[in-house]
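Lettering of chains follows the sequences in order, A, B, ..., and the numbering in each one begins at 1. What you see is a predicted model; the values in this text were computed from it and never measured. What you see below is based on every heavy atom in this structure, not just the backbone, and it leaves out hydrogens, waters and symmetry mates.
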Amino acid sequence: MLEVKNLTKIYNDGTVALDDVSFTVKDNEFLVIIGLSGSGKSTLLRCINRLIDPTEGRIIWEGKDVTKVQGTQLRNLRRQVGMIFQHFNLVKRSSVILNVLSGRLGYVNPWKSLLYRFSSEDRAEGAAALEMVGIEDQANKRADELSGGQQQRVGIARALMQNPKMILADEPVASLDPVLAHTILGYLEKLNKERDITIICSLHYLDLVQRYATRIIGLRDGKIVWQGNNKDIRKMTDSQFKDIYGEEAERVNAGSLVGEEAEKWHREKL
Amino acid sequence: MASRKIVAIEKKAYVSGPAAIVISLIIPGLGHILARKMGKGLLLMLSMITIIGLFLWRIKLLAHREIGFISQYVKAVDRKGFFIGFITIAIIILWFWIAKEAYQLTTKKSKGGFSIFAFVLLMFFIVGWQISEINLGRAIRELPEAWPPLSRILWPWEAAVTRATEELTASAEILVGTEDEGLPPIPPEVPGKPYIISTPNFGQLSSLDKQNNVIKGTVIHLKGKGFTADTITQIWWADSIGNEFRPRQDREYTSVLTDSRGEFTFDLVMPYRLIPPSAAGRQVHKVEAKQITEIGPFIPADPLRLTIALIIETIFMGMMATFFGIILSIPVSFLAARNIMNSSWITMTIYFITRTILNIIRSIEPLIWALIAVVWVGLGPFAGIVALTVHSVAALGKLYSEAIEGIDHGPIEALQATGANWLQVIMFAVVPQMIPPFVSFSIYRWDINVRMSTVIGLVGGGGIGFLLVQYIRLLDYKAAGIAVWFIALTVSILDYVSAEIRARFT
């Protein structure tokens, strides 16, 4: 179980990214965070694995206070939490398999790994991870030779190599077309259901949210303004919708594209 | 946009049209400024001041002995009529042109074009031609005289190889003076050996009178036997202390062709030779006949061997300097990378100091560093390496630091999220991103360093340049030509190789 208590993050320039955020995530949930760009979704996700240090508040995961750990303990914690990113964050010039194997770095002998050496078990597991996401034949290509959808699958395979108990996904489908979005979220759902991995994911498209989320948090200006499950989202009133997405947002059709993101999507597609 | 344009046109000029003309005629460009064309007005004003200033300076230089502007101007026109005339007329035209444009601007008849700047540029071009003393006529006139050394540089290959020589020599002693001093002995003729005899075997050397006119010396008749047939035979002269030289007759070196029996006859005017007063007394000189035949295989001549040795030295100088440059610039580049150093004001101070030092070092050319290095470590390739290393550290430090600033932060974040430690993040996320720019910049620098080390010898920094400048000073244009060819060859091969490697890594 993940407990976030009174989490606040204020950046050096004075921006309040998170303002007293509290919620809990039970094991095996598929939690989706919605909100506008700049609402604090990315900051929240990065506080959970401490890529960003919160200013105040506590995050308790499996009984440990994440905000207190340092050094080796922090790395041991991070290796149990996979992360995938909007822009995939692969090392573009390295091979696909090396990108996948780098997910293993928290477990292997650090000195051996500096020479890019990995044990045969690790390599076998890497191949299996690629197979799971259906791109085992691309293993020796350079990461930047792959299409966007394939790169995000490499990102998932890399997270899988960590044997994670939880995966944080920061807008994992925002750079992909709707069909690929379903594929990628399908993999996350599969991991969530078959391997009991907790998923915390930020998303923009409400139809995707409705389809995959078991629970939803709406963030606006660093505050939680809405909570509910995927059934509640249909019953969301227009005023609640505007709480999350602002006065200018227009709800075209419940559960479809909204606000800026809808505009952006249409601009790109048309 | 459209509405903003209208506003700009509606802004009124500060003065009326005729006033703009008068103001422009007094101070060119001020009319434009008052017509709200600040930039153009200032630029024209500055151009005018610069052109007039340069013009006055050139007049002073052309007529530095004259006093007073009028007489200086007249003298200058006398010496460089076209230049002075053109610029004078152009300044007057420009002056009125600016006034006219200022009028048009204030009355909004036109917005003024760029043709006035084209005219200003033309004036600068003419002035520049004068200042830089361009003299195309001379370049063409002097070409015939420059051609022989030039052609030797362009095609130097006769000097690249040589053969062993065999000398067939015979000599006869000649007494400088009169018969009474006792004639030198005539050696006996040995069959099978070359032999010359001179009649008479005494006489007077050529000498100079007070007006430096040559007074011809005694003509001696030489008869030679026992030489190789049908071969050019050189006639040499050796003075009483054994200094040999080749006398000239009718501006050509003296030589004679042997006949089919290996014999020749030759009339030689005894050459001019300064005899120091201390050498008074009996003077016995020698006349020599030499046949030089080349035998054996062609072997590389000294210039070729030295050039190859020094080209190798040059390439390695460049390589060593690049190597040291890379090693030293890696740590420096981190200090000069903003994204690494932006964590606190202390590191930012270090960043700015490093950047400033690198910029200063880089702005001083390697040749100048070599001058300093020669003073420091003495002549030779090491001085060149020091100079190139210093410059490389600055240049590579900047390039590397920019590469570090340009890396994608995403993979670093992703690797941190997997629980990788600091070194692992560097090895897996930073190093792969750094390799292409690193290899590319390093190879590029090697290329530059070899290119630079070909000239760094000019100031004593070792390498091929050292040899080249010596050959040129000795007027040995063929040897210099060999060096030039090898430099061109090496640099172009390296250029190609470096381009290929860089293309593969990016």
* To do: Please round to the nearest 0.5 Å and tell me the distance separating atom CD of B/Glu413 and atom CD1 of A/Ile52.
  => 7.5 Å
* What part of A/Arg104 is in contact with chain B, defined as an atom under 4.5 angstrom from a non-hydrogen atom: side chain, backbone, both or neither? -> neither
* Asked: So which part of B/Val431 gets closer than 4.5 Å to some heavy atom of chain A, the side chain, the backbone, both or neither?
  -> side chain
* Asked: How far does OG of A/Ser94 sit from CZ of B/Phe428, to the nearest 0.5 angstrom?
  -> 8.5 Å
* **Under the salt bridge (Lys or Arg N to Asp or Glu O under 4.0 Å) test, residues paired with A/Asp196 that sit two or more places apart** => none
* Straight-line distance of B/Asp408 CG to A/Leu90 CG, nearest 0.5 Å -> 10.0 Å
* To do: Decide yes or no on side-chain contact (heavy atoms from CB on, under 4.5 Å) for B/Gln424 and A/Leu114, but give the supporting numbers first.
  => CA-CA 6 Å; B/Gln424 287 172 323; A/Leu114 292 183; 4.1 Å; yes
* To do: Quick one: closest heavy-atom pair of A/Ser102 and B/Thr418, and the distance?
  => O-OG1, 3.7 Å
* Should we say atom CD of B/Glu500 is surrounded by more than 12 heavy atoms from elsewhere, each under 6.0 Å from it? -> yes
* Asked: B/Phe486: what forms a side chain to side chain contact (heavy atoms under 4.5 Å, CB included) with it, not counting sequence neighbours?
  -> B/Trp157, B/Leu304, B/Thr307, B/Ile308, B/Ile311, B/Ile482
* Under 3.5 Å donor-acceptor, A/Tyr116 side chain and B/Met427 backbone -> yes
* **Engaged part of A/Arg50 at the chain B interface, taking heavy atoms whose separation is under 4.5 Å** => neither
* Tabulate, in ascending numerical order, the residues of residues 162-169 of chain A having at least one heavy atom closer than 4.5 Å to a heavy atom of chain B, or enter 'none'. => A/Gln162
* **Spacing of A/Arg75 atom CZ and B/Asn421 atom CG [to the nearest 0.5 Å]** => 5.0 Å
* **Any residue meeting side chain to side chain contact (heavy atoms under 4.5 Å, CB included) with A/Thr8, in chain and number order, not counting sequence neighbours** => A/Ile10, A/Asp20, A/Glu56
* Side chain, backbone, both or neither: which part of A/Val81 has a heavy atom under 4.5 Å from chain B? -> backbone
* Heavy-atom proximity to chain A below 4.5 Å, by part of B/Leu415 -> side chain
* Crowding at CZ, A/Arg142 (>12 non-hydrogen neighbours, <6.0 Å) -> yes
